[in-house]
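Inspection log for the structure reproduced underneath, given as structure tokens.
Lettering of chains follows the sequences in order, A, B, ..., and the numbering in each one begins at 1.
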Amino acid sequence: MIVMKNEDVMNLARKRGFLWSSFEIYSGVAGFFDYGPLGATLKNKIMNKWRNYYVVQEGFYEIESPTIMPEEALKASGHVDHFNDPMTECKDCMDVYRADHIIKEATGEEVEGLENQRLTEILSEEKIHCPKCGGHLTHVWSYNLMFQTLIGAKGKKTGYMRPETAQGIFIPFKRLLRFFRGKLPFGVVQLGKAYRNEISPRQGVIRLREFTQAEAEIFVDPRDKSHPNFKAVAGEILTLYPAISQEKGGESIKITAQKAVDNKIVASEMLTYQLCLARRFLMELGLSEDVLRFRQHLSTEMAHYAIECWDVEVYTDRYGWIEVIGIADRTDFDLKSHSQHSTEDLRVFLEYPEPRVVKKLRVKANMGKFGPLFKGDAPKILKALEEIDAEDIKQSLDTDGVFQLEFNGTMHELTPDLISFPELEENLRGEKIYPHVIEPSYGIDRIVYSVLLHSFTEDQDRTYFQLPAEVAPVEVNVFPLLNKDDLGRAALHIRDDLRKENIIAEDDTSGTIGRRYARSDEIGVPFAVTVDHQSLEDHTVTIRERDSQKQVRVLISNLPETIKGLISGKIKFEEF
RNA sequence: GCGACUGUAGUCUAGUCUGGUUAGGACUUGGGCCUUCCAAGCCUACGACCCGGGUUCAAAUCCCGGCAGUCGCACCA
């Protein structure tokens, strides 16, 4: 049974301090949300769980880079060009077009890079109308998904809020490569805010203008996308929705990770391994198999940097299937592009298993003649010769008897008596290549939302978040059964003892015990400890489990250890 | 971005059409009473007309603008 009610979930989340829209007293700004006291803790716990997965278990390292980036870096990444489209809209049929595209279609002129105002003028000068219905077009506006800012007192340098955390990992690649002592594969992660100035963010926490990403960039040898630990996940069953099924209107398929690779449904072990990891992560957060699927991007929707991408989607009642994680093979797009724009060599030297012997021609000058002929220019001409493929020079000499070299604006004729071509055996130990990047990119806010949505439970007389104990923002509540005698004081002692053991413990004395259980359940506290009169006599208390509402009695002295075991899952409540 | 509709305590809502007393109720929440285990009851307290401007003797109510929300269109590299 799956109960989801976006409305009820968001109401409860707002009421109990998980999530609310930001800047409410100034009537709010669309696309921004606050995490309240419980929400922030829940989110942090989910992020820490993510760290445990990727940093501790996978052995990747976390870095932190600035959220403001200079224009050059985002030009290299392709974001400046892809986020700056001049748009125009038909006043009649309301279709939206790229203004430069329409003009090019109508006039054949390339107008890319012109100012919006100029484009607007061209539209009216050339009497260009809506290609669909012939209606009038609006003025041209910039459709820019990045938040722009100016860096420095004089504000001469344009900066942008980063649209993804990934770039912060690609840019210092040389230093990272050195940190990992030059060996592939290695993984670097970053958790942090990213910013996109969405046109119309109207889907609550699903499309935020400022959101939290957790991204891992795994740098791999492009010729070897196997995974050393693939066996560990090979038997896991994945719900895949490949591009080809989507195009044919087909259904998703259930298939083992091994078969997905064997049948080439997913391109590599590396990618498939990441799918399995994502699935495990979400399931441990309480999302069940039947609300999860992996949808492959169609070639038309793929981002500019990827060759293959799988979205991990979660089913929601309000929005249908939503993407919570994107797992992409970004190839060498980013490193190559940053190399070209920055002139830094971001390649990795990969050693061959065996050195390769390559036979090669070398240009050898007969210095006895070469020197006197060219005098002072001789060394420079020699250097220029080395830049040219020896095969080409030899061929030219063999056929024409002369090789023309342009140097410093004058032509020099090189004759066969000046140079010879001894054959050399070169010992190649490896080559320099751009690593490929496998990138799982988690949308933390959407995951928090999914966890709340799917943990939301309504039974006959309770409404509550059935959060996994591991991520519950309050781990245990301590209640005196009644507000009299010394029960309250005893409860506070117990609460403090639990806190000393790093357990998130709260107390509540307001209202009847039933009301307090209800309040406690509502925010998903997995366990409640109740102090009664018997506690004062035999030093025992009861532990009540949220989901079963059953109680067991334990010694107060064993309580912290028991609660810890229950939260971590090492002790099962049913086993008492 | 465009259009339609909507906006009263934490929540749900009465009042708005037809301008006029101290903006009413329920739930929630805080304090207290009662209470030996699952939102009971009683007393009590806190708490609101989205923001700005206009019309008027007087605006929650009428008008204009803004913001936000919902829906539709579009957008979502």
For this session: Would you mind telling me which of B:rC37, B:rC38, B:rC76 lies closest to the side-chain atoms of A:R207?
Result: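 Given the options B:rC37, B:rC38, B:rC76, the side chain of A:R207 is closest to B:rC76.
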Exercise. Which of these nucleotides, B:rG31, B:rC71, B:rU29, is closest to any side-chain atom of A:S510?
Worked result: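 Taking heavy atoms from C-beta onward, the closest nucleotide is B:rG31.
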Base, sugar-phosphate, or nothing: which does [X] touch, judged by heavy atoms less than 4.0 Å apart?
X: A:R14; answer: nothing
X: A:Q534; answer: nothing
X: A:N11; answer: nothing
X: A:Y305; answer: base
X: A:D521; answer: nothing
X: A:R318; answer: sugar-phosphate
X: A:S21; answer: nothing

For this session: Provide the distance between the two C1' atoms, one in B:rA59 and one in B:rU21, to the nearest whole Å.
Result: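 One C1' to the other, the span is 16 Å.
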Exercise. Is any side-chain heavy atom of A:R207 closer than 4.5 Å to a side-chain heavy atom of A:R196?
Worked result: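 When only atoms from C-beta onward are counted, A:R196 and A:R207 do not touch, as no gap falls below 4.5 Å.
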For this session: Measure from NZ or CZ of A:R209 to the centre of the six-membered ring of A:F147, then state whether that distance is under 6.0 Å and the direction lies within 45° of the axis.
Result: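 No, A:R209 and A:F147 do not form such a contact.
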Problem set entry | Phosphate contact (B:rU29 OP1 or OP2) by A:R515 side-chain N/O below 4.0 Å |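 Looking at the OP1 and OP2 atoms of B:rU29, one of them is under 4.0 Å from a side-chain N or O of A:R515.
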Validation: residues 320-329 of chain A side-chain donor-acceptor distances under 3.5 Å, sequence neighbours left out:
unit_1	atom_1	unit_2	atom_2	d
A:D329	OD1	A:T331	N	2.9
A:D329	OD2	A:K225	NZ	2.7

For this session: Go through the structure and list residues passing ring pair (Phe, Tyr, Trp, His ring centres under 6.0 Å) with A:F18, not counting sequence neighbours.
Result: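 A:F18 satisfies ring pair (Phe, Tyr, Trp, His ring centres under 6.0 Å) with A:F465 once adjacent residues are dropped.
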